[in-house]
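For reference, the structure is listed below as structure tokens.
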Amino acid sequence: MCGGFVCGYKRKPEEVTEERSRITGSFPNALSHTVTPTHFRTHTTTAMTYQLSAGSCRLFQTCTPEDADVFNTEHTVQFLSIKKVGNTNNGPDRYRIIMSDGVHYMQAMLATQLNQLVQDNVITKCTVATIEKLTCNYVQDKRLIIILALRVLAHTTEKIGDPQQIEPAGNDQGINSPGANQAASTSTTPAPGAAPVQRQQAPPPKPGRTGNIYPIEGLSPYQNNWTIKARVTQKSDIKTWSNNRGEGKLFNVTLMDDSGEIRGTAFNTVVDELYPKLEEGKVYYISKARVNLAKKKFSNLNNDYELGFERNTEVEECHEVTNVPTVKYNFVPLDALGELNKDALCDVIGIVKEASEVTQVTSAKLNRQIPKRELTLVDRSGFSVRMTLWGKQAEQYNESETTPVIAFKGVKVGDFGGRSLSMFSSSTMQVNPDIEECFLLRGWYDSSGAEQTFKAHSISNTGGSSSFGFNRTDMHSLEEVKQAGYGMPEKPEQFSARATIMHIRSENISYPACPTSGCNKKVIQISDGWRCEKCNQVFPAPEHRYIISMAVADYSGQAWLQGFNEVGVEVFGMTANELLEIRDRDIAEYNAIMHKANCNTFNFSCRAKQDTYQDTTRIRYGISRMLPIDYKEEATILRDLLYSQWAR
DNA sequence: CCCCCCCC
């Protein structure tokens, strides 16, 4: 009855996890370094998002043997086809690959030493892989890319994006390909930016400005004669620093055009020159800045690169009113914030129902005062959420306007009070923007919204839309969670784990609750029924709700987890009313059900919290989400983890 | 060359 694989998961956790620890131990962090969205800084929350290296095909097509950067850089591509090509001289098989960077596709050959990857189906159609090493044969005017080393990131089933065949190289860096338009572009997930494909029809000849107008997404260290035409969507304060490496001042701007966004930074004397010149909201031609690799860890923008403004950087205001980029949004309705993970970035639009005064917060970390202002946003979903503004944005907020519509871009999702929002210095806000959503909100609020009451996201709303999701990139072993002090002051609260149920406390497995939908309060038995204090009503019978306390284990150790009704339903596959009915009717059957619930493995999303009860302080772990294991999914992830290492 | 995104 029980297939071997399922039994594998039913083994004692020590055995199961010994195996797991061997795998994870050998390849530390491999998963999070290859396939997590955070690494690629896409703004989606899908666990699996693959960012192809847009522009790589263009580079391959135009590179010269001296382009060391092309050959020393990793390129993530998707294989669209793999075909054996005839060999004439009885040599080894050769495989021809069509690979896509999401924007273009082109041919490449697999080095014969990698043939095994094809023969073992390690790489197939739709495999996403990072090319770690390649070389290029130059035959007459043609280039033949040969893949020398790669690692597999994932096996997908569909073509990513709408890549176009790349046209032959040779015509001036290969610009101007009509078919090479970008895929649908939204603000939060801009299409993999094309290499320079857009050329301004008639850029006004300005003295000192050289080169073509490049889309921001086309900028890379491999191009140097470019000019971008971009709007400053955000300008920071001038910041000063002093550390053991020295001291100085700097400021950043966020630059945006239709293709994407990029951060620019000026230091020291360049600050004096450019800070007054660059104004928020205005459009500029910018050229001769350095294109540096962005340090992903510190950038919230969707770009692999950032600009370093230097002494010779040219910045010139653009007064044209046509074809100027506008901020594009991908709004998340406020009721859907619960579906985003903590620390995710998102765009929201709402009515400012309330705005606090500016207060000063003392940052423990930075040891300085930071101005702060809280806004309460509401929208047509009937939800409200708190948005925190910091620094300049808090101080300069115009409080004279009541209930404006504000659109926010690139704000951080927090978990205070269930869900909260906070601005980064790179986030932008636009008051009463000239967009449809704004008009709709205004109309709704003025006609009815103002009178309405709003639902806040709440912590207690577990299992519902505002609970935290299971997050594969935030997996921890139980021992690690204990060692790291999750739940202690200043420590993280949220973690995800995979663990197996060892024991469920069978006493007090439920409580009699008010049957009113959403009330959940405990009811008290009185002479003529069950009374709810909150609803001030007497009911003939209560609705029993689970309170689960269970010991779970993984390879590292064990922990007690607490869960509410949703957890019990997941564990037993029936409601508490049904389980109690069985208990009262047939205790043996009840015991069998309790027993059967053991040894099942789940993916958990948990919240650790310090708690003091009868003079004892301890950390309690609450279950916010509990998902049955999808064996196929788990196996696929482990397989890809192995492949990605083995293919190195 | 910064790199903190803060607090309740």
Side-chain angles (χ1 to χ4, degrees), chain A residues 38-39 41 43 233-254 262-275 289-311 313 342-346 354-376 384-397 408-429 456-459 489-494 609-610:
Chain A
T38 47
H39 177 60
R41 206 146 293 274
H43 295 213
T233 56
Q234 180 271 139
K235 181 170 91 164
S236 76
D237 299 322
I238 294 175
K239 292 176 269 190
T240 55
W241 83 87
S242 172
N243 59 28
N244 50 12
R245 285 185 297 274
E247 55 180 61
K249 61 180 175 184
L250 73 125
F251 79 101
N252 312 297
V253 289
T254 303
I262 194 165
R263 188 161 87 147
T265 305
F267 290 96
N268 303 324
T269 59
V270 185
V271 173
D272 302 330
E273 190 198 334
L274 292 184
Y275 193 81
R290 272 170 74 111
V291 182
N292 301 318
L293 213 55
K295 288 178 195 130
K296 295 289 192 177
K297 197 160 104 91
F298 304 121
S299 165
N300 301 303
L301 294 188
N302 191 27
N303 201 314
D304 288 342
Y305 303 109
E306 55 187 39
L307 296 179
F309 297 142
E310 306 195 299
R311 253 183 241 267
T313 293
K342 176 170 149 60
D343 297 332
L345 284 173
C346 69
E354 279 167 53
S356 76
E357 301 291 296
V358 177
T359 56
Q360 298 293 324
V361 153
T362 305
S363 162
K365 232 181 264 179
L366 298 168
N367 197 29
R368 64 178 163 90
Q369 298 270 100
I370 300 151
K372 178 187 100 159
R373 189 192 295 267
E374 301 282 359
L375 306 182
T376 304
S384 69
V385 71
R386 215 165 87 175
M387 167 75 76
T388 309
L389 274 48
W390 302 97
K392 192 175 71 171
Q393 276 159 330
E395 286 170 333
Q396 294 175 0
Y397 178 81
F408 294 87
K409 183 173 165 53
V411 296
K412 188 178 91 156
V413 176
D415 62 356
F416 188 70
R419 270 296 176 266
S420 57
L421 295 169
S422 175
M423 286 188 81
F424 281 121
S425 65
S426 59
S427 310
T428 61
M429 54 183 275
H457 288 276
S458 78
I459 315 163
E490 316 272 311
K491 298 283 186 193
E493 296 176 1
Q494 201 67 29
K609 202 114 205 149
Q610 203 169 57

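Chain identifiers are assigned alphabetically (A, B, ...) following the order of the sequence lines, protein sequences preceding nucleic acid strands; residue numbering begins at 1 within each chain.
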### Task
To the nearest 0.5 angstrom, please state how far the CG atom of A:D343 sits from the OG atom of A:S422.
10.0 Å
### Check: A:K249 main-chain N/O paired with A:N268 side-chain donor or acceptor under 3.5 Å
yes
### Query
With sugar-phosphate meaning primed atoms plus P, OP1 and OP2, does A:K412 contact a base, only sugar-phosphate, or nothing at under 4.0 Å between heavy atoms?
sugar-phosphate
### Task
Check every strand shown and say whether A:Q369 touches a base, only sugar-phosphate, or nothing at a heavy-atom separation below 4.0 Å.
nothing
### Message
Under 4.0 Å, counting only non-hydrogen atoms across every strand here, what does A:R386 touch: a base, just sugar-phosphate, or nothing?
### Response
base
#### Entry: Residue of the set A:F251, A:F309, A:W241 for which ring pair (Phe, Tyr, Trp, His ring centres under 6.0 Å) holds with A:F267
A:W241
### Message
When you compare the side chains of A:T254 and A:Q234, does any donor N or O come within less than 3.5 Å of an acceptor on the partner?
### Response
yes
## Note on the structure
Between A:S425 and A:N243, whichever has its closest DNA chain B nucleotide further toward 5' is A:N243
### Query
Contact class for A:T388 vs. all strands (heavy atom < 4.0 Å): base, sugar-phosphate, or nothing?
base
### Query
With sugar-phosphate meaning primed atoms plus P, OP1 and OP2, does A:R263 contact a base, only sugar-phosphate, or nothing at under 4.0 Å between heavy atoms?
base
### Query
NA contact type, A:T265, heavy-atom cut-off 4.0 Å: base, sugar-phosphate, or nothing?
base
### Message
Given A:M423, which partner from the list A:V411, A:T428, A:T388 fulfils the side-chain contact (heavy atoms from CB on, under 4.5 Å) test?
### Response
A:V411
### Task
Could you list where the contact with chain A starts and ends along DNA chain B, reading 5' to 3', using a 4.0 Å heavy-atom cut-off?
B:dC1 to B:dC8
### Message
Main chain of A:K239, side chain of A:D237: is a donor-acceptor contact present, judged purely on distance under 3.5 Å?
### Response
no
